[in-house]
Amino acid sequence: MQLLITCVFVLGFVSPCLSLRWNAGTKNIYNVMEYGANGDGKSDDSQAFLRAWNNACGAKGASTLLIPQEKLFMVTNILLKGTCKATSILIMISNVNSLTMDGGGSIDGNGSEWWQCISCSRPRLLGFHACNDLTVSNLTITDSPCGHITINSCEGARFSDLNIHAPPHSPNTDGIDISASKNILIEDSTIGTGDDCIAINSGCSYIYAARVACGPGHGISIGSLGRNEAHETVEEVYVRNCSFNETQNGARIKTCQGGSGYARKITFEQITLIRVHHPILIDQHYPTQHPTVTYRGFEGTSANDNAINLNCSPLGCFNIVLDQIDIVSSKPGKKTYASCKNAHGIVGSTTPSVHCLSE
Ligand SMILES: *[C@@H]1O[C@H](CO)[C@@H](O)[C@H](O)[C@H]1NC(C)=O
Ligand SMILES: *[C@@H]1O[C@H](CO)[C@@H](O)[C@H](O)[C@H]1NC(C)=O
Ligand SMILES: *[C@@H]1O[C@H](CO)[C@@H](O)[C@H](O)[C@H]1NC(C)=O
Ligand SMILES: *[C@@H]1O[C@H](CO)[C@@H](O)[C@H](O)[C@H]1NC(C)=O
(Lines give C-alpha, C1' and ligand atoms only; values in the text may rest on other atoms or scores of the structure.)
(Ligands and ions follow the chains in the order given, each with its own letter.)
Protein backbone atom coordinates (compact mmCIF):
# COMPACT_ATOMS: atom_id res chain seq x y z
CA MET A 1 0.00 0.00 0.00
CA GLN A 2 2.87 2.33 0.66
CA LEU A 3 3.79 2.40 -2.97
CA LEU A 4 0.30 3.47 -3.84
CA ILE A 5 0.41 6.36 -1.46
CA THR A 6 3.82 7.66 -2.39
CA CYS A 7 2.76 8.20 -5.93
CA VAL A 8 5.08 9.82 -8.32
CA PHE A 9 4.63 10.08 -11.98
CA VAL A 10 6.80 10.95 -14.84
CA LEU A 11 6.26 13.63 -17.33
CA GLY A 12 8.15 12.35 -20.26
CA PHE A 13 8.20 15.11 -22.76
CA VAL A 14 9.88 13.53 -25.67
CA SER A 15 10.70 14.86 -29.05
CA PRO A 16 10.72 17.64 -29.67
CA CYS A 17 8.98 19.62 -26.93
CA LEU A 18 5.85 20.43 -25.11
CA SER A 19 4.81 23.97 -24.61
CA LEU A 20 2.01 25.74 -22.89
CA ARG A 21 1.31 29.21 -24.09
CA TRP A 22 -1.48 31.64 -24.06
CA ASN A 23 -2.60 34.70 -25.96
CA ALA A 24 -0.92 33.17 -28.99
CA GLY A 25 2.60 34.43 -29.02
CA THR A 26 6.14 33.40 -28.28
CA LYS A 27 7.75 36.54 -26.98
CA ASN A 28 8.37 35.79 -23.34
CA ILE A 29 9.69 32.28 -23.01
CA TYR A 30 9.99 30.66 -19.60
CA ASN A 31 12.03 27.49 -19.82
CA VAL A 32 11.63 25.17 -16.84
CA MET A 33 15.35 24.32 -17.05
CA GLU A 34 16.14 27.91 -16.11
CA TYR A 35 14.01 27.53 -13.00
CA GLY A 36 15.95 24.63 -11.59
CA ALA A 37 14.37 21.64 -13.27
CA ASN A 38 16.73 18.68 -13.65
CA GLY A 39 14.99 16.80 -16.39
CA ASP A 40 16.66 13.54 -15.41
CA GLY A 41 13.41 11.66 -14.75
CA LYS A 42 14.48 11.03 -11.15
CA SER A 43 14.44 14.21 -9.13
CA ASP A 44 11.24 16.06 -8.46
CA ASP A 45 10.87 19.01 -10.81
CA SER A 46 7.52 20.20 -9.49
CA GLN A 47 8.84 23.34 -7.81
CA ALA A 48 10.75 24.41 -10.91
CA PHE A 49 7.60 23.97 -13.01
CA LEU A 50 5.64 26.06 -10.55
CA ARG A 51 8.19 28.86 -10.44
CA ALA A 52 8.40 28.96 -14.23
CA TRP A 53 4.64 28.91 -14.53
CA ASN A 54 4.18 31.69 -11.99
CA ASN A 55 6.59 33.93 -13.85
CA ALA A 56 5.06 33.06 -17.21
CA CYS A 57 1.67 33.81 -15.77
CA GLY A 58 2.77 37.08 -14.26
CA ALA A 59 4.39 38.31 -17.47
CA LYS A 60 2.73 41.05 -19.46
CA GLY A 61 1.35 40.01 -22.83
CA ALA A 62 1.97 36.72 -24.53
CA SER A 63 4.17 34.14 -22.88
CA THR A 64 5.20 30.53 -23.17
CA LEU A 65 6.11 27.94 -20.58
CA LEU A 66 8.67 25.80 -22.35
CA ILE A 67 9.31 22.22 -21.37
CA PRO A 68 12.26 21.34 -23.56
CA GLN A 69 12.85 18.36 -25.73
CA GLU A 70 14.64 15.12 -25.04
CA LYS A 71 14.37 15.34 -21.29
CA LEU A 72 12.32 13.42 -18.82
CA PHE A 73 10.72 15.45 -16.07
CA MET A 74 9.26 14.03 -12.93
CA VAL A 75 6.63 16.02 -11.12
CA THR A 76 4.56 14.81 -8.20
CA ASN A 77 1.52 17.03 -8.17
CA ILE A 78 1.22 20.41 -9.75
CA LEU A 79 -1.52 22.94 -9.86
CA LEU A 80 -0.77 25.47 -12.52
CA LYS A 81 -2.49 28.60 -11.26
CA GLY A 82 -5.92 28.93 -10.01
CA THR A 83 -8.40 28.75 -7.31
CA CYS A 84 -9.25 25.12 -7.81
CA LYS A 85 -8.67 22.99 -4.76
CA ALA A 86 -8.80 19.66 -6.53
CA THR A 87 -5.93 17.61 -5.23
CA SER A 88 -6.87 14.45 -6.99
CA ILE A 89 -5.53 15.64 -10.30
CA LEU A 90 -1.82 15.37 -11.02
CA ILE A 91 -1.58 18.31 -13.40
CA MET A 92 -4.37 20.78 -12.87
CA ILE A 93 -4.73 23.84 -15.03
CA SER A 94 -7.44 26.14 -13.87
CA ASN A 95 -8.84 29.58 -14.67
CA VAL A 96 -6.54 30.21 -17.62
CA ASN A 97 -8.01 31.61 -20.81
CA SER A 98 -6.71 31.25 -24.37
CA LEU A 99 -4.19 28.58 -23.42
CA THR A 100 -2.54 26.40 -26.03
CA MET A 101 -0.85 23.15 -25.05
CA ASP A 102 0.91 21.32 -27.86
CA GLY A 103 4.27 20.41 -29.29
CA GLY A 104 4.25 16.70 -30.02
CA GLY A 105 5.40 15.64 -26.53
CA SER A 106 4.03 13.03 -24.21
CA ILE A 107 2.79 12.83 -20.65
CA ASP A 108 3.12 9.45 -18.98
CA GLY A 109 1.04 8.92 -15.84
CA ASN A 110 2.98 5.74 -14.94
CA GLY A 111 -0.18 4.57 -13.19
CA SER A 112 0.17 0.77 -13.28
CA GLU A 113 0.90 0.49 -9.58
CA TRP A 114 -2.41 2.24 -8.84
CA TRP A 115 -4.55 0.01 -11.03
CA GLN A 116 -4.31 -2.85 -8.52
CA CYS A 117 -6.21 -0.80 -5.97
CA ILE A 118 -9.62 -0.20 -7.50
CA SER A 119 -11.07 1.18 -4.27
CA CYS A 120 -8.24 3.73 -3.80
CA SER A 121 -8.99 7.30 -4.63
CA ARG A 122 -6.70 7.34 -7.64
CA PRO A 123 -5.58 10.65 -9.13
CA ARG A 124 -6.50 11.68 -12.63
CA LEU A 125 -3.72 12.83 -14.90
CA LEU A 126 -4.52 16.13 -16.57
CA GLY A 127 -7.35 18.45 -15.59
CA PHE A 128 -8.70 21.66 -17.06
CA HIS A 129 -11.05 23.66 -14.91
CA ALA A 130 -12.66 26.94 -15.99
CA CYS A 131 -10.34 27.35 -18.96
CA ASN A 132 -12.03 29.11 -21.86
CA ASP A 133 -10.78 29.25 -25.42
CA LEU A 134 -8.45 26.31 -24.86
CA THR A 135 -6.42 24.42 -27.46
CA VAL A 136 -4.79 21.08 -26.69
CA SER A 137 -3.20 19.30 -29.59
CA ASN A 138 -0.55 16.91 -30.79
CA LEU A 139 0.17 15.14 -27.49
CA THR A 140 0.49 11.57 -26.30
CA ILE A 141 -1.03 10.92 -22.90
CA THR A 142 -0.65 7.48 -21.34
CA ASP A 143 -1.22 5.21 -18.36
CA SER A 144 -3.09 7.50 -16.00
CA PRO A 145 -3.82 6.04 -12.54
CA CYS A 146 -7.47 6.97 -13.27
CA GLY A 147 -9.06 9.17 -15.98
CA HIS A 148 -6.64 10.79 -18.42
CA ILE A 149 -8.11 14.19 -19.31
CA THR A 150 -10.79 15.90 -17.27
CA ILE A 151 -12.57 18.96 -18.61
CA ASN A 152 -14.80 20.82 -16.21
CA SER A 153 -16.54 24.20 -16.50
CA CYS A 154 -14.74 25.10 -19.71
CA GLU A 155 -16.26 26.96 -22.62
CA GLY A 156 -14.74 26.81 -26.07
CA ALA A 157 -12.02 24.17 -26.40
CA ARG A 158 -10.46 22.19 -29.19
CA PHE A 159 -8.67 18.91 -28.55
CA SER A 160 -7.01 17.46 -31.61
CA ASP A 161 -4.33 15.03 -32.72
CA LEU A 162 -4.20 13.36 -29.34
CA ASN A 163 -3.11 9.83 -28.68
CA ILE A 164 -4.43 8.63 -25.36
CA HIS A 165 -3.76 5.09 -24.31
CA ALA A 166 -3.68 2.68 -21.38
CA PRO A 167 -4.10 -1.10 -21.27
CA PRO A 168 -7.64 -2.49 -21.62
CA HIS A 169 -7.52 -3.98 -18.11
CA SER A 170 -6.67 -0.66 -16.40
CA PRO A 171 -9.73 0.32 -14.32
CA ASN A 172 -11.61 3.62 -14.76
CA THR A 173 -9.01 5.07 -17.09
CA ASP A 174 -11.43 7.16 -19.17
CA GLY A 175 -9.80 8.94 -22.09
CA ILE A 176 -11.61 12.27 -21.91
CA ASP A 177 -14.23 13.15 -19.29
CA ILE A 178 -16.28 16.27 -19.86
CA SER A 179 -18.65 17.91 -17.41
CA ALA A 180 -20.41 21.28 -17.13
CA SER A 181 -18.81 22.49 -20.36
CA LYS A 182 -19.92 24.00 -23.63
CA ASN A 183 -18.55 24.13 -27.18
CA ILE A 184 -15.96 21.41 -26.86
CA LEU A 185 -14.49 19.88 -30.00
CA ILE A 186 -12.49 16.63 -30.02
CA GLU A 187 -11.05 15.56 -33.34
CA ASP A 188 -8.49 13.47 -35.19
CA SER A 189 -7.53 11.49 -32.13
CA THR A 190 -6.88 7.91 -31.10
CA ILE A 191 -8.14 6.83 -27.72
CA GLY A 192 -7.73 3.32 -26.30
CA THR A 193 -8.03 2.71 -22.56
CA GLY A 194 -9.73 0.53 -19.97
CA ASP A 195 -12.90 2.62 -19.78
CA ASP A 196 -14.85 5.18 -21.83
CA CYS A 197 -12.95 6.79 -24.69
CA ILE A 198 -15.07 9.90 -24.15
CA ALA A 199 -17.60 10.36 -21.36
CA ILE A 200 -20.00 13.28 -21.62
CA ASN A 201 -21.45 14.08 -18.24
CA SER A 202 -23.92 16.44 -16.65
CA GLY A 203 -24.12 20.07 -17.68
CA CYS A 204 -22.61 19.61 -21.14
CA SER A 205 -23.88 21.11 -24.36
CA TYR A 206 -22.52 21.50 -27.87
CA ILE A 207 -19.98 18.72 -27.67
CA TYR A 208 -18.55 17.57 -31.01
CA ALA A 209 -16.38 14.52 -31.63
CA ALA A 210 -15.11 13.78 -35.12
CA ARG A 211 -12.60 11.32 -36.53
CA VAL A 212 -11.90 9.71 -33.19
CA ALA A 213 -10.66 6.13 -33.32
CA CYS A 214 -11.85 4.49 -30.11
CA GLY A 215 -10.64 1.13 -28.86
CA PRO A 216 -10.00 -0.75 -26.76
CA GLY A 217 -12.36 0.70 -24.17
CA HIS A 218 -16.01 1.28 -23.40
CA GLY A 219 -16.96 3.54 -26.29
CA ILE A 220 -18.37 7.06 -26.28
CA SER A 221 -20.97 7.52 -23.63
CA ILE A 222 -23.44 10.09 -22.47
CA GLY A 223 -23.69 9.74 -18.71
CA SER A 224 -24.18 8.08 -16.40
CA LEU A 225 -26.70 10.82 -15.67
CA GLY A 226 -28.84 11.05 -12.57
CA ARG A 227 -26.61 9.22 -10.12
CA ASN A 228 -27.66 9.74 -6.51
CA GLU A 229 -31.05 11.02 -7.67
CA ALA A 230 -29.53 14.15 -9.17
CA HIS A 231 -31.11 16.33 -11.88
CA GLU A 232 -28.65 16.24 -14.76
CA THR A 233 -28.79 17.32 -18.37
CA VAL A 234 -26.81 16.88 -21.57
CA GLU A 235 -27.79 18.34 -24.92
CA GLU A 236 -26.51 19.01 -28.42
CA VAL A 237 -23.92 16.28 -28.82
CA TYR A 238 -22.64 15.33 -32.28
CA VAL A 239 -20.40 12.32 -32.75
CA ARG A 240 -19.44 11.97 -36.39
CA ASN A 241 -17.10 9.83 -38.49
CA CYS A 242 -15.73 7.91 -35.52
CA SER A 243 -14.70 4.27 -35.27
CA PHE A 244 -15.01 1.74 -32.48
CA ASN A 245 -12.64 -1.21 -32.53
CA GLU A 246 -13.36 -4.10 -30.13
CA THR A 247 -14.94 -1.84 -27.58
CA GLN A 248 -17.48 -2.91 -24.99
CA ASN A 249 -19.98 -0.28 -26.19
CA GLY A 250 -20.22 1.97 -29.20
CA ALA A 251 -22.73 4.77 -28.80
CA ARG A 252 -24.13 4.61 -25.29
CA ILE A 253 -26.59 6.71 -23.28
CA LYS A 254 -27.03 5.84 -19.64
CA THR A 255 -29.35 7.34 -17.06
CA CYS A 256 -29.70 6.06 -13.53
CA GLN A 257 -32.70 5.11 -11.50
CA GLY A 258 -34.07 7.84 -9.26
CA GLY A 259 -32.48 10.68 -11.19
CA SER A 260 -34.12 13.28 -13.40
CA GLY A 261 -33.18 15.52 -16.30
CA TYR A 262 -32.53 14.75 -19.94
CA ALA A 263 -30.12 13.77 -22.68
CA ARG A 264 -31.47 15.39 -25.82
CA LYS A 265 -30.42 16.36 -29.32
CA ILE A 266 -27.81 13.65 -29.50
CA THR A 267 -26.55 12.49 -32.90
CA PHE A 268 -24.18 9.65 -33.69
CA GLU A 269 -23.45 9.34 -37.39
CA GLN A 270 -21.00 7.82 -39.86
CA ILE A 271 -19.79 5.27 -37.34
CA THR A 272 -17.56 2.30 -38.17
CA LEU A 273 -17.76 -0.73 -35.88
CA ILE A 274 -15.29 -3.58 -35.52
CA ARG A 275 -16.41 -6.43 -33.23
CA VAL A 276 -18.15 -4.06 -30.82
CA HIS A 277 -20.05 -5.79 -28.01
CA HIS A 278 -22.95 -3.34 -27.71
CA PRO A 279 -22.85 -1.03 -30.74
CA ILE A 280 -26.01 0.95 -29.93
CA LEU A 281 -27.10 1.00 -26.33
CA ILE A 282 -29.54 3.00 -24.25
CA ASP A 283 -29.95 2.12 -20.56
CA GLN A 284 -32.55 4.56 -19.49
CA HIS A 285 -33.92 4.38 -16.01
CA TYR A 286 -35.79 7.64 -15.76
CA PRO A 287 -37.96 9.42 -18.29
CA THR A 288 -36.23 12.07 -20.33
CA GLN A 289 -38.01 14.98 -21.91
CA HIS A 290 -37.88 15.25 -25.72
CA PRO A 291 -34.76 13.18 -26.09
CA THR A 292 -34.29 13.19 -29.89
CA VAL A 293 -31.46 10.74 -30.33
CA THR A 294 -30.35 10.00 -33.88
CA TYR A 295 -28.21 7.07 -35.00
CA ARG A 296 -27.40 7.32 -38.68
CA GLY A 297 -24.86 5.62 -40.89
CA PHE A 298 -23.54 2.81 -38.70
CA GLU A 299 -21.56 0.13 -40.45
CA GLY A 300 -19.59 -2.88 -39.28
CA THR A 301 -19.64 -5.82 -36.95
CA SER A 302 -21.05 -6.63 -33.54
CA ALA A 303 -19.45 -9.22 -31.24
CA ASN A 304 -22.76 -9.68 -29.46
CA ASP A 305 -25.86 -10.74 -31.42
CA ASN A 306 -27.93 -8.09 -29.70
CA ALA A 307 -26.45 -5.20 -31.68
CA ILE A 308 -29.10 -2.62 -30.86
CA ASN A 309 -30.48 -2.44 -27.35
CA LEU A 310 -32.86 0.38 -26.44
CA ASN A 311 -33.82 -0.29 -22.85
CA CYS A 312 -36.05 2.45 -21.44
CA SER A 313 -38.05 2.92 -18.25
CA PRO A 314 -41.85 2.44 -18.34
CA LEU A 315 -42.41 6.13 -19.09
CA GLY A 316 -40.48 5.59 -22.30
CA CYS A 317 -37.90 7.25 -24.52
CA PHE A 318 -39.20 9.12 -27.55
CA ASN A 319 -37.97 10.53 -30.85
CA ILE A 320 -35.30 7.94 -31.45
CA VAL A 321 -34.23 7.88 -35.10
CA LEU A 322 -32.41 4.89 -36.60
CA ASP A 323 -31.39 5.10 -40.24
CA GLN A 324 -28.79 3.64 -42.60
CA ILE A 325 -27.67 1.07 -40.08
CA ASP A 326 -25.81 -2.02 -41.24
CA ILE A 327 -24.47 -4.03 -38.33
CA VAL A 328 -23.75 -7.70 -38.91
CA SER A 329 -22.40 -10.31 -36.54
CA SER A 330 -18.65 -10.77 -36.32
CA LYS A 331 -19.29 -14.50 -35.86
CA PRO A 332 -19.80 -16.50 -39.04
CA GLY A 333 -23.35 -17.79 -39.47
CA LYS A 334 -24.74 -15.62 -36.68
CA LYS A 335 -27.36 -12.91 -37.11
CA THR A 336 -27.69 -9.69 -35.18
CA TYR A 337 -30.96 -8.51 -33.68
CA ALA A 338 -32.43 -5.44 -31.99
CA SER A 339 -34.28 -5.29 -28.70
CA CYS A 340 -36.33 -2.45 -27.27
CA LYS A 341 -38.25 -1.74 -24.13
CA ASN A 342 -40.58 1.28 -24.08
CA ALA A 343 -38.68 2.87 -26.96
CA HIS A 344 -40.41 5.08 -29.52
CA GLY A 345 -39.26 6.66 -32.73
CA ILE A 346 -38.71 6.27 -36.45
CA VAL A 347 -36.81 3.55 -38.29
CA GLY A 348 -35.31 3.93 -41.76
CA SER A 349 -33.23 1.25 -43.40
CA THR A 350 -31.56 -0.93 -40.81
CA THR A 351 -29.81 -4.27 -40.44
CA PRO A 352 -30.82 -5.77 -38.09
CA SER A 353 -34.42 -4.69 -38.55
CA VAL A 354 -35.82 -2.79 -35.62
CA HIS A 355 -39.48 -3.85 -35.43
CA CYS A 356 -39.51 -3.32 -31.72
CA LEU A 357 -39.42 0.49 -31.93
CA SER A 358 -42.94 1.89 -31.74
CA GLU A 359 -44.08 5.25 -33.03
C1 LIG B 1 3.22 17.62 -33.88
O2 LIG B 1 4.41 18.18 -33.39
C3 LIG B 1 5.55 17.84 -34.14
C4 LIG B 1 6.74 18.41 -33.43
O5 LIG B 1 6.53 19.76 -33.14
C6 LIG B 1 5.41 18.37 -35.56
O7 LIG B 1 6.51 17.98 -36.32
C8 LIG B 1 4.15 17.80 -36.17
O9 LIG B 1 3.93 18.35 -37.43
C10 LIG B 1 2.95 18.09 -35.28
N11 LIG B 1 1.79 17.44 -35.81
C12 LIG B 1 0.61 18.04 -35.94
C13 LIG B 1 -0.51 17.21 -36.46
O14 LIG B 1 0.43 19.21 -35.64
C1 LIG C 1 6.85 3.88 -12.69
O2 LIG C 1 6.30 3.31 -11.53
C3 LIG C 1 6.95 2.14 -11.09
C4 LIG C 1 6.18 1.64 -9.92
O5 LIG C 1 4.87 1.51 -10.28
C6 LIG C 1 8.38 2.42 -10.75
O7 LIG C 1 9.02 1.23 -10.38
C8 LIG C 1 9.07 3.03 -11.96
O9 LIG C 1 10.36 3.42 -11.61
C10 LIG C 1 8.30 4.24 -12.45
N11 LIG C 1 8.90 4.71 -13.66
C12 LIG C 1 9.61 5.81 -13.70
C13 LIG C 1 10.18 6.15 -15.04
O14 LIG C 1 9.74 6.50 -12.72
C1 LIG D 1 -13.71 10.27 -41.93
O2 LIG D 1 -12.48 10.19 -41.23
C3 LIG D 1 -11.40 9.63 -41.93
C4 LIG D 1 -10.21 9.58 -41.02
O5 LIG D 1 -10.55 9.03 -39.80
C6 LIG D 1 -11.12 10.47 -43.17
O7 LIG D 1 -10.11 9.86 -43.92
C8 LIG D 1 -12.39 10.61 -44.00
O9 LIG D 1 -12.18 11.49 -45.05
C10 LIG D 1 -13.53 11.12 -43.15
N11 LIG D 1 -14.75 11.11 -43.96
C12 LIG D 1 -15.55 12.15 -44.07
C13 LIG D 1 -16.71 12.00 -44.95
O14 LIG D 1 -15.35 13.19 -43.43
C1 LIG E 1 -8.52 -3.24 -34.21
O2 LIG E 1 -7.86 -3.62 -33.02
C3 LIG E 1 -7.07 -4.78 -33.18
C4 LIG E 1 -6.61 -5.21 -31.81
O5 LIG E 1 -6.11 -4.14 -31.07
C6 LIG E 1 -5.93 -4.45 -34.13
O7 LIG E 1 -5.10 -5.57 -34.32
C8 LIG E 1 -6.53 -4.03 -35.47
O9 LIG E 1 -5.51 -3.60 -36.35
C10 LIG E 1 -7.52 -2.89 -35.30
N11 LIG E 1 -8.23 -2.66 -36.54
C12 LIG E 1 -8.28 -1.47 -37.13
C13 LIG E 1 -9.01 -1.39 -38.41
O14 LIG E 1 -7.77 -0.48 -36.64
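Computed from heavy atoms alone, side chains included, the values below leave out hydrogens, waters and symmetry copies. Note that ligands are numbered from 1 as they come in the structure, with each ligand's atoms numbered from 1 the same way.
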With no hydrogens and no angle check, do the side chains of [X] and [Y] hold a donor and an acceptor under 3.5 Å apart?
X: Ser313; Y: Gln284; result: yes
X: Asn152; Y: His129; result: yes
X: His231; Y: Ser260; result: yes

What do you think, any protein heavy atom under 4.0 angstrom from [atom]?
atom: atom 14 (O) of ligand 3; value: yes
atom: atom 9 (O) of ligand 4; value: no
atom: atom 5 (O) of ligand 4; value: no
atom: atom 2 (O) of ligand 3; value: yes

For ligand 4, which is the ligand I care about here, please tell me if Glu246 has any N or O atom under 3.5 Å from one of the ligand's N or O atoms.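 N/O-N/O distance under 3.5 Å: no.
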Can you establish whether the number of heavy atoms outside Glu299 located under 6.0 Å from its atom CD is more than 12?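 Counting neighbours around CD of Glu299, 12 or fewer heavy atoms of other residues, nucleotides or ligands fall under 6.0 Å, so no.
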Using a 6.0 Å cut-off, check whether atom NZ of Lys42 has over 12 heavy atoms from anything other than its own residue.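 No, NZ of Lys42 has 12 or fewer neighbouring heavy atoms, counting only those of other groups under 6.0 Å.
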Considering heavy atoms of the protein only, find what lies nearest to atom 12 (C) of ligand 4 and give residue, atom and distance to 0.1 Å.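 Ranked first by proximity to atom 12 (C) of ligand 4 is Asn245 ND2, 3.3 Å.
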Show the atoms of ligand 1 that are less than 4.0 angstrom away from any heavy atom in Asn138.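 The list of qualifying atoms is 1 (C), 2 (O), 3 (C), 8 (C), 10 (C), 11 (N), 12 (C), 14 (O).
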What I want to know is whether Asn241 and ligand 3 share at least one N or O pair that is separated by under 3.5 angstrom.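 Between Asn241 and ligand 3, an N or O pair is found under 3.5 Å apart.
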Tell me whether Cys356 and Cys340 have SG atoms closer together than 2.5 Å.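 Yes, because the SG atoms of Cys356 and Cys340 sit under 2.5 Å apart, which meets the disulfide cut-off.
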Decide whether the shortest distance between a heavy atom of Gln270 and an atom of ligand 3 is less than 4.0 Å.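 Contact check Gln270 vs ligand 3: positive.
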Please evaluate residues Glu232 and Thr255 with respect to the criterion side-chain contact (heavy atoms from CB on, under 4.5 Å), reporting the C-alpha separation (whole Å), side-chain torsions for both, the decisive distance (0.1 Å), and the verdict. CA-CA 9 Å; Glu232 300 189 319; Thr255 62; over 6 Å; no
